[in-house]
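We name chains A, B, ... by the order of the sequence lines, and we start the count at 1 in each one.
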Amino acid sequence: MADDAEKRTNSSEQAGRDYRDTVFLPQTDFPMRAGLPQKEPQILARWEEIDLYNTARKTRQAAGAPLFVLHDGPPYANGAIHIGHALQKTLKDFVVRSRFAMGYDVDYVPGWDCHGLPIEWKIEEELRGQGRRKDGVSKAEFREKCRAYAGQWIGVQKDGFKRLGVLGDWENRYATMDYGSEAAIVAEFHKFVASGQLYRGSKPVMWSPVERTALADAEVEYHDHVSPTVWVKFPVTQGSDAARGASVVIWTTTPWTIPANRAIAYNESIAYGAYLVEAMETDLAFEPWARPGDRLILADKLAEEVFKAAKVAKWRRVETIDCQGMVCEHPLAALDTHYAFSVPLLAGDHVTEEAGTGFVHTAPGHGADDYVVWLAHGHREIPETVDADGAYYPHVALFGGLKVLETEGKKAGKFGPANNAVIDKLIEAGGLLARGRLEHSYPHSWRSKAPVIFRNTPQWFIRMDEPLDTPQHGGRTLRETALEAIEATAFYPEAGRNRIRTMVESRPDWLISRQRAWGAPLAMFVDKETNQPLHDPDVDARIIEAIAAEGADAWFTRPVTDFLGAHDPERYEKVEDILDVWFDSGSTHAFTLEGRENTRWPADLYLEGSDQHRGWFQSSLLESSGTRGRAPYNGVLTHGFTMDENGEKMSKSKGNTVDPHQIIRESGAEIIRLWAAMVDYSEDQRIGKTILATTSDAYRKLRNTLRYILGALAGYSDQEAVALEDMPPLERYILHRLQVLDGEVRDAYAAYAFQDVIRPLIAFCQEDLSALFFDVRRDALYCDQPSALRRRAARTVMDAAFERLTVWLAPLMPFTTEEAWTMRFPEAGSNALRVFPETPTAWANPGEAARWAKVQAVTAVVTGALEVERREKRLGAALEAAPVVHINDPDLLAAFDGLDPAEVFRTSQATLSAGEGPAQAFRLAETPAVAVEPLRAQGQKCARSWRILPEVGSDRRYPDLSLRDAEAVAAWDAAQGGAGA
RNA sequence: GGGCCUGUAGCUCAGUUGGUUAGAGCACACGCCUGAUAAGCGUGAGGUCGGCAGUUCGAGUCUGCCUGGGCCCA
């Protein structure tokens with residue numbers, strides 16, 4: 001308070017004139033508050049107007065720039081964009097814009113995945129809503145509805161992506177449902193047919209009775225589900241003496257598969273024994289199915305558990321059992337001769353003794369392991385027991401027509417009567433030992449959420465392990481080709497290589513057929529006599545031509561004679577299955593990187609979420625390896641998933657989702673972009689309120705730095721520029737920092753390490769510019785004459801910093817840098833078209849860097865000393881101080897050669913002194929050679945610069961100014977026509 | 001249940017081949033400034049480096065186990 005009063009008195013005594021007008025304060029229209037939600041759409045409109053993407057391409061092409069191809073992984077055209085989309089498209093845009101800035105011609109065609117079950121399901125839902133049954137709608141109409149639905153979402157998503165500032169060839173976006181794409185996909189399929197990589201197999205596949213379709217692994221999700229469990233006795237008919245008269249007990253959660261049973265699997269490393277039931281539990285509410293005297297064969301480790309379930313109170317192990325060569329009869333054999341076949345015991349490693357009985361009921365048509373072990377023992381016949389609706393075929397004795405799952409109405413997805421019917425018959429036949437219920441993880445359809453079953457179906461597969469006799473393959477199998485391609489690909493991060501390799505090494509043949517409507521067809525004919533696909537290039541050409549003209553519908557609606565030509569229609573079966581959507585997306589490279597201008601196959605980069613190791617990276621790899629003998633990409637970059645603020649997965653039910661539209665509405669797309677730039681995208685990232693607030697703070701720091709530079713550069717032109725050799729040390733240091741950053745920024749962008757761009761740049765703005773350069777140079781910028789070398793040098797360096805910051809940050813923050821650039825250079829064209837400017841190597845100056853490290857160390861002691869004075873209320877502003885700084889280290893002292901210590905310390909005056917300094921002087925442990933006496937500045941306060949100097953008053957024209965300020969005002973007054981005090 | 005990845009201050013991240021009291025920016029608290037002002041400068045507080053055990057003279061860094069989280073599969 002006393003100080004304030006004193007200051008007022010001082011200034012009022014000398015208040016001859018208000019010098020404010022003569023001070024060169026920062027001047028700019030660049031607002032401190034961004035107003036991004038309003039401003040971004042204006043900038044987008046401007047980009048649209050100048051056709052930024054194509055202009056950039058043409059400019060680069062005219063300059064003979066090298067090509068960079070980023071091939072877009074197609075999002076599914078269903079639903080609004082979520083934060084995961086936003087992250088991914090933003091990262092892609094970082095790549096596109098940074099490659100443009102590095103001088104490349106960048107090809108980026110956004111695309112959409114359109115076919116498939118989720119859209120079919122939506123349309124079915126829509127039809128149900130209208131009270132129409134799917135059967136009452138023609139396939140053509142159904143597909144038309146799917147097409148319209150996908151088209152609508154492409155529009156919505158495209159708008160969302162463009163709003164994020166994503167640059168690309170939106171006009172020529174690709175879609176897997178475009179007629180040309182469908183034709184290309186089918187042409188790719190024909191290549192597999194022609195090279196003999198396709199075969200028709202019979203295999204139990206995941207089947208959804210509710211949707212009447214086979215499901216890919218990716219279409220299945222696991223949920224807890226309560227199933228009935230049964231322990232079933234299979235009487236032994238062949239085996240050791242101990243085994244005969246006993247029953248092998250199996251345990252299953254799918255009683256309905258018992259009619260399909262053909263074998264029992266056991267494990268040779270499990271110990272089995274024959275057990276005699278001696279007594280049952282008493283006081284049971286029901287009559288148990290086991291009886292004293294029963295002889296049961298079980299894994300020793302599991303016997304107790306089984307007896308508990310069967311309510312057996314007392315039992316005795318009779319003998320060790322060797323399962324090899326044992327044969328049983330089917331538990332329903334007594335009820336119907338249909339089941340009068342032998343049930344062999346087969347050894348299999350998949351059998352464990354963790355739960356059950358140590359024996360696995362084996363129905364080759366209803367389980368993957370069952371199928372494998374069945375084939376491994378030389379069997380070929382796979383019984384077909386259940387139809388597409390999940391009902392037993394009529395030929396299945398005792399159960400014909402019964403449904404495993406309900407498929408219609410409210411009970412759709414619930415168990416049908418099959419389970420209970422089988423259990424009842426088992427009881428009747430005396431084959432049931434015990435029953436129960438179990439909650440376990442069970443496969444469900446990703447779409448309908450209904451349980452799925454394993455069902456034996458004829459399907460089309462691409463072989464993984466057949467040696468291929470084509471020029472590209474040279475006898476290698478598809479698996480070998482793909483594995484070699486993985487080794488030839490760059491992975492960011494490197495761990496992705498191992499991940500996809502493991503999957504490709506162990507994956508089964510590629511099941512590509514689906515019994516659905518909305519997709520590209522397996523457009524081929526099969527010879528009914530040989531069961532082989534028809535190979536006729538003319539037929540294929542007619543198919544492709546028709547699909548290219550009319551879409552996939554042509555295959556389904558045109559008469560077969562249109563395609564077959566001279567071939568006998570009676571002899572050929574037309575395949576009406578459609579292709580797995582992964583085959584579609586795996587073929588995008590074929591119709592996006594080939595047959596277009598100014599692009600190249602293979603792509604430089606595929607960039608997707610880490611889930612796509614199983615998905616698009618792999619489907620593209622297999623498709624391309626099968627047809628072209630290598631991957632369609634040279635590099636693969638993966639990002640993690642976006643979690644909530646606590647690192648937990650987002651879900652609508654948890655209510656922890658973050659909506660990109662809301663962020664855009666409240667803060668702007670730039671904030672999403674900056675967030676994406678600052679996090680480690682290769683791992684899972686987090687987003688939420690706190691994190692977005694932190695991001696906005698970082699944004700403000702960058703924005704204010706640009707704003708201050710813009711303000712300080714008001715009226716700057718190149719004529720003012722100072723040559724490097726005339727620069728003061730501080731400016732040389734800043735130029736050195738720019739030179740270092742130039743290399744760091746280029747390297748980081750080249751390696752897609754956006755964090756390594758933004759982190760150093762934020763630190764540079766904070767530490768070097770704001771806290772050092774701007775703070776030290778404020779006095780010169782505000783008060784030196786425009787002609788003063790010091791001020792001109794500072795502005796020259798600010799110009800260099802502005803030129804670089806705006807372009808280095810442009811790929812990450814295109815909106816703000818565009819705003820700043822056009823604010824300063826309205827006629828210079830879009831900032832987004834600029835290339836990283838060369839930064840002279842002559843700017844590199846490690847000597848200055850070393851000097852300023854020392855200067856900063858000394859400054860820290862000075863500020864420490866002043867801080868103590870402030871705390872003691874002896875000092876306010878640093879300009880009130882005139883510290884005496886004792887430096888007992890010649891090296892540290894020499895760092896101040898050519899520097900004005902008062903300017904560096906931002907005090908009014910300062911004195912450097914060699915030597916140890918008085919004992920009571922302020923010291924810091926880190927810099928023991930420096931001792932500071934924080935004296936008050938003597939003299940009068942300059943009314944213009946506010947520095948306190950003894951010289952104030954010595955220019956009689958301006959008695960309240962320092963000499964420098966007096967000269968500056970004199971020049972100012974002269975320029976204004978002599979007006980003065 | 002299996003494969004891969006991951007857990008350093010409130011937030012985002014650094015921490016080279018294991019080596020002195022674990023760093024930065026932001027946020028926070030306090031102070032200064034009031035000519036970058038819904039700004040700027042400074043000072044400070046804040047971490048048993050997910051946990052346990054081991055290897056080592058020495059571990060955030062290496063090994064094993066456990067635990068939380070994620071992706072993919074079963």
Side-chain angles (χ1 to χ4, degrees), chain A residues 19-28 30 32-33 217-218 220-222 350 352 354-355 368-369 441 443 493 495-503 505-507 609-615 618 638-649 674-675 677-680 682-701 703-705 707-712 755-756 758-767 770-772 774-776 778-779 781-783 859-860 862-864 866-871 873 875-880 906 925 944-946:
Chain A
Y19 290 102
R20 202 185 174 91
D21 289 348
T22 73
V23 177
F24 305 106
L25 296 179
Q27 262 182 16
T28 177
F30 189 77
M32 180 175 288
R33 284 171 60 82
D217 290 348
V220 168
E221 55 191 36
Y222 287 76
H350 64 290
T352 70
E354 278 170 21
D369 289 331
S441 180
R497 184 193 311 281
N498 183 33
R499 189 165 174 184
I500 193 169
R501 189 205 293 123
T502 322
M503 291 179 185
E505 275 168 352
S506 61
R507 69 155 297 146
S610 60
D611 57 334
Q612 298 303 329
H613 288 106
R614 166 70 52 182
Q618 194 178 147
T638 50
H639 61 78
F641 281 69
T642 306
M643 303 295 133
D644 76 0
E645 207 136 40
N646 301 314
E648 308 260 335
K649 186 181 178 138
L674 187 54
W675 165 77
M678 293 203 301
V679 296
D680 180 359
S682 71
E683 297 297 335
D684 290 346
Q685 334 82 41
R686 304 175 179 208
I687 198 165
K689 241 181 144 183
T690 319
I691 294 165
L692 285 168
T694 306
T695 308
S696 294
D697 288 329
Y699 174 78
R700 240 173 274 134
K701 178 76 241 175
R703 183 176 181 87
N704 267 317
T705 302
R707 180 169 185 267
Y708 190 76
I709 296 177
L710 280 168
Q755 265 189 324
D756 295 340
I758 197 71
R759 202 183 330 109
L761 289 182
I762 289 177
F764 173 68
C765 288
Q766 174 58 38
E767 296 166 52
S770 199
L772 178 69
F774 298 166
D775 210 39
V776 167
R778 188 164 28 212
D779 173 74
L781 285 164
Y782 293 1
C783 299
T859 305
V862 175
T863 48
L866 298 188
E867 197 60 29
V868 171
E869 295 307 293
R870 270 191 203 108
R871 200 140 293 156
K873 301 289 177 201
L875 207 64
L879 284 178
E880 292 167 27
R906 284 143 272 187
R944 185 163 174 270
S945 69
W946 298 349

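Where pairing requires Watson-Crick or G-U contacts shorter than 3.5 Å, the helical stems of RNA chain B with at least three consecutive pairs are B:1-7 with B:67-73, B:10-13 with B:23-26, B:28-32 with B:40-44, B:50-54 with B:62-66.
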Counting primed atoms plus P, OP1 and OP2 as sugar-phosphate and everything else as base, spell out the protein contacts along nucleotides 42-49 of chain B at 4.0 Å heavy-atom distance: B, S or - for each nucleotide, 5' to 3'. BS------
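With sequence neighbours left out, the side chain to side chain contact (heavy atoms under 4.5 Å, CB included) criterion links R686(A) to I691(A). Remark: F24(A) pairs with no residue by the ring pair (Phe, Tyr, Trp, His ring centres under 6.0 Å) rule, at least two apart or across chains.
Looking at heavy-atom distances under 4.0 Å, E767(A) makes contact with sugar-phosphate atoms alone, never a base. Contact annotation for Y708(A): base contact, defined as any heavy-atom pair under 4.0 Å involving a base atom. The residue N704(A) sits close to a base: some heavy atom pair falls under 4.0 Å. Residue R944(A) is in base contact, counting any heavy-atom pair closer than 4.0 Å across all strands shown. Here W946(A) lies in heavy-atom contact (under 4.0 Å) with a base. Contacts of A877(A) with the nucleic acid, taken as non-hydrogen atoms under 4.0 Å apart, involve only primed sugar atoms and P, OP1 or OP2. Using a 4.0 Å heavy-atom distance criterion, T28(A) is classed as making no nucleic acid contact. R20(A) comes within contact range of at least one nucleobase, with a heavy-atom separation under 4.0 Å.
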For nucleotides 7-12 of chain B, which of its nitrogen or oxygen atoms have a protein nitrogen or oxygen under 3.5 Å away, and what is each distance?
{"residue": "rU12(B)", "atom": "O2'", "partner": "M678(A)", "partner atom": "O", "Å": "3.0"}

Please write out each protein N/O paired with an N/O of nucleotides 66-69 of chain B under 3.5 Å, distance rounded to 0.1 Å.
{"residue": "rG69(B)", "atom": "O2'", "partner": "G647(A)", "partner atom": "O", "Å": "2.6"}

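Residue V23(A) places its side chain closer to rG35(B) than to any other of rA14(B), rG35(B), rA38(B).
For R33(A) and rA38(B), a side-chain-to-base donor-acceptor distance below 3.5 Å is present, hydrogens and geometry of angles not being considered.
In this structure, the side chain of H639(A) engages the main chain of G609(A) through a donor-acceptor pair within 3.5 Å.
Taking 4.0 angstrom as the limit, K873(A) places none of its side-chain polar atoms (N or O) nearer than this to OP1 or OP2 of rG31(B). Contact between the side-chain N/O atoms of Y782(A) and the OP1/OP2 oxygens of rA36(B) is found at a separation under 4.0 Å.
Because its NZ or CZ atom is both nearer than 6.0 Å to the ring centre of F30(A) and within 45° of the ring axis, R703(A) counts as a cation-pi partner of that residue.
Comparing rU63(B) with rU43(B), their C1' atoms are spaced 44 Å from each other, to the whole Å. Between rC28(B) and rG69(B), the two C1' atoms lie 27 Å apart (nearest whole Å).
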